[in-house]
Amino acid sequence: MSKQKKYILSFVCGILLYLVMFIALIYFNFIYYTTGFFAFVIFAFVASVLFRTLANKFAKADDRPDLYYMIFIGSFVVPTLIHMLFFI
């Protein structure tokens, strides 16, 4: 897999994580008010650790898995911050 495809995959995974967490946050907040936030934090942490482990595992000799990880986190955090600014 080329580096460009890995960057795109990292970005798409981050956006998908945001969408899943957005839906989970709405669902859990309808059931329990504070559980949604805790589910959001725990799920984001688990996904982050899992993605970092996979990025390091599948990195080639000339790859920089930290860049893939930063793109993943950035594509998850930026929409979350925008969401927090406009909807809270």
Side-chain angles (χ1 to χ4, degrees):
M1 187 182 289
S2 69
K3 288 183 183 181
Q4 185 178 10
K5 287 182 183 177
K6 288 182 183 179
Y7 290 133
I8 292 170
L9 183 64
S10 299
F11 179 77
V12 169
C13 286
I15 293 294
L16 288 176
L17 176 65
Y18 167 71
L19 292 175
V20 167
M21 287 312 306
F22 179 68
I23 292 168
L25 189 61
I26 290 171
Y27 176 74
F28 283 118
N29 273 339
F30 283 137
I31 296 173
Y32 303 106
Y33 184 70
T34 57
T35 307
F37 177 74
F38 292 121
F40 181 81
V41 171
I42 290 169
F43 188 77
F45 177 74
V46 169
S48 175
V49 169
L50 180 66
F51 189 86
R52 186 175 189 113
T53 303
L54 290 173
N56 286 327
K57 180 179 179 184
F58 293 112
K60 304 255 189 283
D62 60 341
D63 276 348
R64 299 228 6 232
D66 57 333
L67 292 177
Y68 304 131
Y69 181 69
M70 287 188 289
I71 290 172
F72 170 73
I73 293 298
S75 64
F76 169 69
V77 169
V78 170
T80 303
L81 292 176
I82 292 170
H83 174 84
M84 288 172 58
L85 284 173
F86 289 109
F87 294 108
I88 291 183

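In this chain, residues are counted from 1 in sequence order. What you see is a predicted model, and the numbers here were worked out from it, not measured in a lab.
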Nearest 0.5 Å, what's the [atom1]-[atom2] distance between [X] and [Y]?
X	Y	atom1	atom2	value
Cys13	Leu54	SG	CG	9.0 Å
Ile71	Lys6	CD1	NZ	12.0 Å
Leu9	Gln4	CG	CD	12.5 Å

(Q) Apply side chain to side chain contact (heavy atoms under 4.5 Å, CB included) to residues Ile8 and Lys5 and explain how you reach the verdict. (A) CA-CA 5 Å; Ile8 292 170; Lys5 287 182 183 177; 5.6 Å; no
Shortest non-hydrogen contact between [X] and [Y], atoms and distance:
X	Y	result
Ile15	Ser75	CD1-O, 3.4 Å
Pro79	Gly74	CD-O, 4.0 Å
Leu17	Phe72	CD2-CZ, 3.7 Å
Ser10	Phe51	OG-CZ, 3.5 Å

Q. Yes or no on ring pair (Phe, Tyr, Trp, His ring centres under 6.0 Å) for Tyr7 and Tyr68, after CA distance, side-chain angles and deciding distance?
A. CA-CA 6 Å; Tyr7 290 133; Tyr68 304 131; 5.0 Å; yes
(Q) Test side chain to side chain contact (heavy atoms under 4.5 Å, CB included) on Ser48 and Tyr69; report intermediate values, then the result. (A) CA-CA 8 Å; Ser48 175; Tyr69 181 69; 2.5 Å; yes
(Q) When you compare the side chain of Val49 with that of Arg52, does any pair of heavy atoms fall below 4.5 Å? (A)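 No, side chains not in contact.
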